[in-house]
Amino acid sequence: STLSSSSAASDVYKRQTANIPVADFSADCYLTMVTKDGLVKKTHLSQYAHPRRAGIIALKLREGDRLIAAKLTSGRDDLILAKRNGKAIRFNEKEVREVGRGSFGVKGVTLKGDDQVVEMVVVKRDSAILAVTEHGFGKRTKISEFRNKHRGGQGVALIPTDGRNGQVVAAREVIETDEVMMITRNGMIIRCPVRGISVIGRQAKGVKVINLNKGDSLVDVALLAGEKDDDGSRDEDKTGGEAPAGPDDMYDSDGLDAGEELEEELEADVEEEEEEMEEAQEAPEEEPKPKAGGKAVSYTHLTLPTKRIV
């Protein structure tokens, strides 16, 4: 089955955020999510084992906030949150305690002004962070240069965003054998090997990674699978996310590598979810509270499609 995570912070902004292939909802893993406003939430995967066709609540959102990323983690992974204005913070997910589906997240990073989180990287390997900016510049920086801190800080330099670079649009965990596809606002795509992008320090401005036409800008980076390891497994899946978390047998990796269409029929009678998360759950620390005047609270839903196409 596949978890499809969609963000619905308002009627105007609603889109699918992540697809996560899962073979075993009883595995000892967590679904970890981060929002634009820097809130992080961790819920055990088993809580999503009985979704409804219309979706189930995964995360409460404040008005104006939205889901940025949702990824599987082991409960012991390091997380790196990258910010639009060029900083990043690294902390261990143990600092984010497990909560129920209907809860808010806790503060993962401090934001100033119009800053926001653009990506969450789950550290799986001795690798590097590829950071790219809207004006087509980027660089790789060794993950070891980002020391573990406590969550809630402002973070350290990831890539300068003043002058030629512009704001950060994407950050990915990469190794030498990976390739990336870069997509521009006007629909141009370029594919290039990661090894062609310099590995430099956190304070360096980076190098040009794509030539942009006048008025165009870079909007996203998709990560392609690297070469197979000695054990035959791939370094990355082909969805642009990090390497799968948790036990290897959680994922239908053979199907994904083969690129064949898989169809999985839902059980004829899917159990209706118990009454939707109206009962009070234990509130996580630093749970956001609506401001005076009563801001609306919206939700992020998870849906289980009847078909999965890879």
Side-chain angles (χ1 to χ4, degrees), residues 1-5 17-35 39-52 55-60 67-81 90-106 108 120-127 143 148 150-151 173 229 231-237 239-257 262 264 266-267 270-271 273-274 277 281-285 287 300-305 308 310:
S1 58
T2 301
L3 288 176
S4 298
S5 179
T17 305
N19 284 320
I20 304 172
V22 179
D24 182 8
F25 281 91
S26 65
D28 190 18
C29 289
Y30 299 86
L31 185 65
T32 301
M33 294 166 276
V34 64
T35 73
L39 301 180
V40 182
K41 179 185 174 183
K42 182 174 73 174
T43 304
H44 198 274
L45 187 62
S46 60
Q47 296 203 28
Y48 303 98
H50 301 290
R52 298 184 301 177
I56 56 176
I57 294 171
L59 169 69
K60 283 185 179 179
L67 184 67
I68 292 295
K71 301 184 180 182
L72 291 176
T73 59
S74 67
R76 303 173 300 277
D77 294 323
D78 282 352
L79 308 177
I80 295 180
L81 305 186
R90 176 178 180 176
F91 57 88
N92 193 275
E93 66 170 300
K94 291 180 180 179
E95 295 201 1
V96 181
R97 67 189 182 94
E98 178 186 349
V99 294
R101 289 192 292 105
S103 302
F104 287 101
V106 296
M120 174 177 66
V121 173
V122 181
V123 179
K124 296 292 182 184
R125 307 170 296 183
D126 183 14
S127 53
I143 281 184
N148 274 64
H150 293 295
R151 66 175 178 85
E173 184 198 21
D229 291 334
D231 61 1
S233 62
R234 290 205 179 270
D235 297 316
E236 293 283 342
D237 64 22
T239 62
E242 273 66 20
D248 294 337
D249 59 359
M250 283 188 58
Y251 302 90
D252 190 3
S253 57
D254 291 338
L256 289 173
D257 289 343
L262 300 178
E264 297 180 336
L266 289 173
E267 293 180 1
V270 179
E271 271 188 357
E273 184 190 28
E274 299 174 351
M277 314 315 284
Q281 298 191 29
E282 182 181 0
E285 55 185 318
E287 175 176 330
T300 291
H301 286 72
L302 287 175
T303 58
L304 183 61
R308 183 183 70 188
V310 292

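Only heavy atoms go into these numbers, but all of them, side chains included; no hydrogens, no water, no symmetry mates. Computed from a predicted structure; not experimentally measured. One is the number of the first residue; the rest follow in order along the sequence.
Taking all atoms of both residues into account, the shortest heavy-atom contact from Tyr48 to Phe25 is O-CE2, 3.4 Å. When all heavy atoms are compared, the tightest approach of Ile143 to Arg125 is CD1-O, 4.4 Å. Across every non-hydrogen atom of Met33 and Ala70, the tightest pair is CG-CB, 3.7 Å.
Judged by distance alone, the side chain of Glu93 and the main-chain N or O of Thr73 form no donor-acceptor pair under 3.5 Å. With hydrogens and angles disregarded, no donor-acceptor distance shorter than 3.5 Å links the side chain of Asp28 to the backbone of Ser74. When atom types are taken as modelled, the side chain of Lys42 and the backbone of Tyr30 share no donor-acceptor pair closer than 3.5 angstrom. The closest donor-acceptor contact from the side chain of Gln47 to the backbone of Gly100 lies at 3.5 Å or more, if one exists at all.
Applying the side chain to side chain contact (heavy atoms under 4.5 Å, CB included) test between Lys71 and each of Ile20, Leu79, Val34, Val122 identifies Val122 as the sole match. The residue from Thr32, Asp77, Leu31 that alone fulfils the side chain to side chain contact (heavy atoms under 4.5 Å, CB included) condition with Leu72 is Leu31.
With values rounded to the nearest 0.5 angstrom, Arg101 atom CZ is found 8.0 Å from Lys41 atom NZ.
Looking only at side-chain heavy atoms (C-beta outward), Arg151 and Val40 stay at 4.5 Å or farther from each other.
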For Phe104 and Val99, what are the C-alpha separation, side-chain angles and deciding distance, and is it a side-chain contact (heavy atoms from CB on, under 4.5 Å)? CA-CA 9 Å; Phe104 287 101; Val99 294; over 6 Å; no
Assess whether side-chain contact (heavy atoms from CB on, under 4.5 Å) is satisfied between Ile68 and Met120, documenting all intermediate values. CA-CA 8 Å; Ile68 292 295; Met120 174 177 66; over 6 Å; no
Can you check side chain to side chain donor-acceptor pair (under 3.5 Å) on Asp78 and Asn148, steps first, answer last? CA-CA 8 Å; Asp78 282 352; Asn148 274 64; 3.3 Å; yes
